[in-house]
There are 2 protein chains.
Amino acid sequence: MDASAYARNCPSRQILDRIGDTWSVLVVMMLADGPQRYTALSRRIEGVSPKMLTQTLRGLERDGLIGRTVHAEVPPRVDYELTTLGRSLLSLVGALENWAETHIDDVQAAREAYDNPGVKISA
Amino acid sequence: MDASAYARNCPSRQILDRIGDTWSVLVVMMLADGPQRYTALSRRIEGVSPKMLTQTLRGLERDGLIGRTVHAEVPPRVDYELTTLGRSLLSLVGALENWAETHIDDVQAAREAYDNPGVKISA
DNA sequence: CGGTATCCTCCCGGATACTG
DNA sequence: CAGTATCCGGGAGGATACCG
């Protein structure tokens, strides 16, 4: 197994692929508030198309991060909620938010410095 | 500012966009071993095209996560190394790897269960 | 050696219309 | 309500050739 194959199959890569997905983390964060219906999610996560929401939910469900409950009612009612595994992800997401909030200013400053090579800071 | 705009601009999203990038984390992990040259990186990270490697390195440099040093030699020599900011990312990457390695079995099992709906586990 | 420049393909993801 | 089906455009990213 070469480095490439390892890099593409290792646990970190797989989790990264899910975490890196635009909508997945958003959905997980929404569900941190408790179970939610499909429509509620689609309204709270502005800009998501039904296609992407469904796709995201299926992916999370497949990975065992969320559960899907269909209630035998009319009209239909489907609830999504975090599983124990999904809830364990929240601490990681929290660590990410923490790092982001702590260092975003540095990153922002670095970006501006990079984009404006000539500009000196103060003297 | 609506939820969408917030979601797309918040610190977590920006960091996620970088972290989620396939090659960025790989590069950061490689550079954890110490400064490396362009060619060394391209060899160690199998499957990366020069275009993507350069693009990844520029992105990391712009965000202040890595430094780029050009040595006035013939032939040219360029070293990339983690900045302090970049090194601070390592703990986050470590947390990610840790979560991944801890829970990957559960995820894998969930995937198999999802992909084989009919199969029962033992009795 | 350390990249750029170019082309080209694939597929992600948005919009929309429809259905059980 | 909770999706599925279909179409479509744009951009990410690979391969390759070339340059300072």
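Note that the structure is a prediction, hence the values are computed from the model and not measured. So that the names make sense, note that chain A is the first sequence line, chain B the second, and so on, each numbered from 1.
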*Asks:* Within residues 73-81 of chain B, which residues have any heavy atom lying less than 4.0 Å from an atom of DNA chain C?
*Replies:*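 Close to the strand are B:Pro75, B:Pro76, B:Arg77, B:Val78, B:Tyr80.
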*Asks:* Given atom CG of B:Asp17 and atom P of C:dC12, what is their separation to the nearest angstrom?
*Replies:*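 Whole-Å distance recorded here is 17 Å.
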*Asks:* Quick one: does any side-chain atom of A:Arg77 pair with a main-chain N or O of A:His71 as donor and acceptor, under 3.5 Å?
*Replies:*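 No, because the side chain of A:Arg77 does not come within donor-acceptor range (under 3.5 Å) of the backbone of A:His71.
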*Asks:* Measure the distance from NE2 on A:His71 to C1' on C:dG20 and round it to the nearest whole Å.
*Replies:*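 Result: 18 Å.
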*Asks:* Please state how far atom CG in A:Leu41 lies from atom C1' in D:dC1, giving the value in whole angstrom units.
*Replies:*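 To the nearest whole Å, that distance equals 13 Å.
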*Asks:* For B:Asn116 and B:Glu112, indicate whether the former's side chain and the latter's backbone hold a donor-acceptor pair under 3.5 Å.
*Replies:*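 Between the backbone of B:Glu112 and the side chain of B:Asn116 there is a qualifying donor-acceptor contact (under 3.5 Å).
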*Asks:* Please state how far atom CD in A:Gln36 lies from atom P in D:dG3, giving the value in whole angstrom units.
*Replies:*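 Nearest whole value for this atom pair: 14 Å.
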*Asks:* What I want to find out is whether A:Arg62 reaches B:Asp115 closely enough, with some N-O distance under 4.0 Å, to be called a salt bridge.
*Replies:*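 The answer is yes: the pair qualifies as a salt bridge.
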*Asks:* Please check this pair: side chain of A:Trp99 against backbone of B:Ser88, looking for a donor-acceptor N/O pair closer than 3.5 Å.
*Replies:*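 Judged by distance alone, yes, a pair lies under 3.5 Å.
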*Asks:* Using a heavy-atom distance cut-off of less than 4.0 Å, which residues of residues 52-69 of chain A contact DNA chain C?
*Replies:*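 Correct list: A:Met52.
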*Asks:* Assign each of B:Lys51 and A:Tyr38 to its nearest nucleotide of DNA chain D by heavy atoms, then name whichever residue's nucleotide is nearer the 5' end.
*Replies:*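 Looking at the nearest nucleotide for each, A:Tyr38 comes out on the 5' side.
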*Asks:* Would you say B:Thr39 reaches C:dC1's phosphate, i.e. side-chain N/O to OP1/OP2 under 4.0 Å?
*Replies:*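 For B:Thr39, the contact criterion (side-chain N or O under 4.0 Å from OP1 or OP2 of C:dC1) is not met.
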*Asks:* Is it the case that the side chains of B:Gln14 and A:Arg111 hold a donor-acceptor pair, with the cut-off being a distance below 3.5 Å and no angle test?
*Replies:*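 Yes, B:Gln14 and A:Arg111 have a side-chain donor paired with an acceptor closer than 3.5 Å.
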*Asks:* Would you say A:Leu57 ends up clustered with A:Leu90 if hydrophobic residues are merged whenever their side chains have heavy atoms under 4.5 Å apart, either directly or through other cluster members?
*Replies:*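 Same cluster.
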*Asks:* Whole angstroms only, please: what is the CG-P distance between A:Leu26 and C:dG13?
*Replies:*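 Taking atom P of C:dG13 as the reference, CG of A:Leu26 is at 13 Å.
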*Asks:* Strictly distance-based, threshold 3.5 Å: is any side-chain N or O of B:Thr56 a donor or acceptor partner for the main-chain N or O of B:Trp23?
*Replies:*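 A pair under 3.5 Å: no.
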*Asks:* Report yes or no: do B:Tyr38 and B:Thr54 form a side-chain donor-acceptor pair below 3.5 Å?
*Replies:*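 Looking only at side-chain atoms, B:Thr54 and B:Tyr38 do form a donor-acceptor pair, the distance falling under 3.5 Å.
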*Asks:* Please report, rounded to the nearest Å, how far the P atom of C:dC12 is from the CG atom of B:Asp21.
*Replies:*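 About 16 Å, once rounded to whole Å.
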*Asks:* So, A:Asp33 and A:Arg44, do they make that salt bridge, N to O below 4.0 Å?
*Replies:*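 Salt bridge flag = yes for A:Arg44 with A:Asp33.
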*Asks:* May I ask you to verify if any side-chain N or O of A:Arg37 is less than 4.0 angstrom from the OP1 or OP2 atom of D:dA2?
*Replies:*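 Looking at the OP1 and OP2 atoms of D:dA2, one of them is under 4.0 Å from a side-chain N or O of A:Arg37.
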